[in-house]
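Reviewing the structure listed below.
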Amino acid sequence: MSTVQGAGVVVTGAGGGIGAALARRFAAEGARVVVNDIDPGRTKAVADEIGATAVPGDASGIVDEAREALGGTVDVYCANAGLASPGDAFAGEDVWAAAWDVNVMAHVRAARALLPDWLERGSGRFVSTVSAAGLLTMVGAAPYSVSKHGAYAFAEWLSLTYRHRGLKVHAICPQGVRTDMLTAAGSAGELVLAPTAIEPEDVADALFEGIEADRFLILPHPEVAGYYRARASDPERWLNNMSHIHQKWEGTGQ
Ligand SMILES: NC(=O)c1ccc[n+]([C@@H]2O[C@H](COP(=O)([O-])OP(=O)(O)OC[C@H]3O[C@@H](n4cnc5c(N)ncnc54)[C@H](O)[C@@H]3O)[C@@H](O)[C@H]2O)c1
């Protein structure tokens, strides 16, 4: 029997892309699913397709409504909604604030709403869709890279703080995944992400392997482990390599 059979699962940003793939997979594994997206039409379409409950709205404030829809308990919360947030240091304050709000604070707010019940019961699962950019970086996308580092740091902090009290945390850190977000990433996405891009369903497979193996760090692109090691062991070399990629991107005229 699947680990998540009968579990109450919430997936944010599930109106398409990776979130929809996660929601479909949880439903196929026998979970009771709440589909959230800021776009009500997309939320309803995915929920109807998989027999889930639609809870549209900003991912920052849906835990109470989702919990009620699931009969009082959220077993698994997938903090998946995210903004691509391209731009450099000169990106507007609004772009930086939105990246921080959706990519980091929505996770913090969800954790605040979930932790009291999870700690009392001694169980709960928090799945954070971060990005390889949260371990490494993404050329041409400073607000995205910085906020995804924040999302990774928060997932890590949750895991080490509450694992002895029954909380399971998973941080999914893919490179390119063929979704609307990758299309919207433009020339930087085409240069850096598209050549090794995978399907949203591959991300769901990687998450389920990670759940079975009880692993925090989920790498749908296994090669990211090597890049992460290289960044830590020789930062100068890693930065020089990344600078070459950045310059190549500049050369495309963007
Ligand atoms: N596509 C990639 O290459 C890639 C790579 C690494 C990580 N990710 C991450 O995966 C996650 C999902 O992205 P995707 O690629 O499926 O993109 P996507 O654009 O297909 O899906 C993101 C969904 O989030 C929704 N959303 C945005 N803000 C929201 C909010 N405040 N509340 C609720 N929903 C909101 C959007 O409406 C959209 O349906 C994101 O966190 C993204 O950063 C994507």
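Computed from heavy atoms alone, side chains included, the values below leave out hydrogens, waters and symmetry copies. Counting starts at 1 for both ligands and their atoms, following the listed order. None of these values were measured; they are calculated from a predicted model.
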Atoms of ligand 1, numbered as shown, that sit under 4.0 Å from any heavy atom of [X]:
X: Gly17; value: 16 (O), 20 (O)
X: Thr129; value: 9 (C), 10 (O), 11 (C), 41 (O)
X: Ser131; value: 6 (C), 7 (C)
X: Gly57; value: 32 (N), 33 (C)
X: Lys148; value: 40 (C), 41 (O), 42 (C), 43 (O)
X: Gly176; value: 3 (O)

ask   = What's the shortest heavy-atom distance between Ala21 and Glu201, and which atoms?
value =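 Smallest heavy-atom distance, with atoms named: CB-N, 4.0 Å.
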
Short question: side chain of [X], backbone of [Y] - any donor-acceptor pair under 3.5 Å?
X: Asn36; Y: Val55; result: yes
X: His170; Y: Asp214; result: no
X: Ser145; Y: Met138; result: yes
X: Thr252; Y: Trp249; result: yes
X: Asp180; Y: Gly17; result: no
X: Thr161; Y: Leu158; result: no

inquiry  = Quiz question: by atom type and distance under 3.5 Å, do the side chains of Asn80 and Thr129 form a donor-acceptor pair?
reply    =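 The criterion, which ignores hydrogens and geometry beyond distance, is satisfied for Thr129 and Asn80.
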
message = Could you check whether Asp75 pairs with Arg121 (Lys NZ or Arg NE/NH1/NH2 to Asp/Glu carboxylate O, under 4.0 Å)?
response =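 Yes, this pair counts.
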
Look at [atom] and say which protein heavy atom is nearest, naming residue and atom and giving the distance to 0.1 Å.
atom: atom 32 (N) of ligand 1; result: Ala59 N, 2.9 Å
atom: atom 8 (N) of ligand 1; result: Tyr144 OH, 3.6 Å
atom: atom 24 (O) of ligand 1; result: Gly13 CA, 3.4 Å
atom: atom 27 (C) of ligand 1; result: Gly82 O, 3.9 Å
atom: atom 31 (N) of ligand 1; result: Asp58 OD1, 3.3 Å
atom: atom 16 (O) of ligand 1; result: Ile18 N, 2.8 Å
atom: atom 13 (O) of ligand 1; result: Met181 CE, 3.7 Å
atom: atom 5 (C) of ligand 1; result: Gln175 O, 3.1 Å

inquiry  = Is the contact between Asn36 and ligand 1 made by the side chain, the backbone, both, or neither, using heavy atoms and a 4.0 Å cut-off?
reply    =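 Under 4.0 Å from ligand 1, Asn36 contributes side-chain atoms alone.
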
Below 3.5 Å, N or O to N or O, backbone or side chain included: is there any such pair between [X] and ligand 1?
X: Thr179; result: yes
X: Ile38; result: yes
X: Leu83; result: no
X: Gly15; result: no
X: Val177; result: yes

message = To the closest 0.5 Å, what do you measure between CG (Leu193) and OG1 (Thr196)?
response =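 These two atoms lie 7.0 Å from each other.
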
message = I'd like to check Phe26 versus Ile50 (side-chain heavy atoms, cut-off strictly below 4.5 Å). Are they in contact?
response =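 In short, these two side chains do not touch, never coming nearer than 4.5 Å.
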
task = For Val130 and ligand 1, answer yes if some heavy atom of the residue is under 4.0 Å from a ligand atom, otherwise no.
result =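 Contact present.
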
inquiry  = Check for me whether Thr12 has a heavy atom closer than 4.0 Å to any atom of ligand 1.
reply    =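 Contact check Thr12 vs ligand 1: negative.
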
query = Given the rule in the side-chain contact (heavy atoms from CB on, under 4.5 Å) test, do Thr3 and Phe208 qualify, once you have shown the distances and angles that lead to the verdict?
reply = CA-CA 9 Å; Thr3 320; Phe208 272 76; over 6 Å; no

key: Heavy atoms from other residues, nucleotides or ligands near CD of Glu236 exceed 12 (cutoff 6.0 Å)   =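 Not more than 12 within 6.0 Å, no.
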
task = Out of Asp39, Asp37, Val11, indicate the one that has the non-hydrogen atom closest to atom 37 (O) of ligand 1.
result =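 Result: the heavy atom closest to atom 37 (O) of ligand 1 is in Asp37.
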
request  = Report the C-alpha separation of Asp58 and Arg109 in whole Å, then their side-chain angles, then the decisive distance to 0.1 Å, and conclude whether the salt bridge (Lys or Arg N to Asp or Glu O under 4.0 Å) test is met.
outcome  = CA-CA 11 Å; Asp58 187 333; Arg109 294 180 190 121; over 6 Å; no

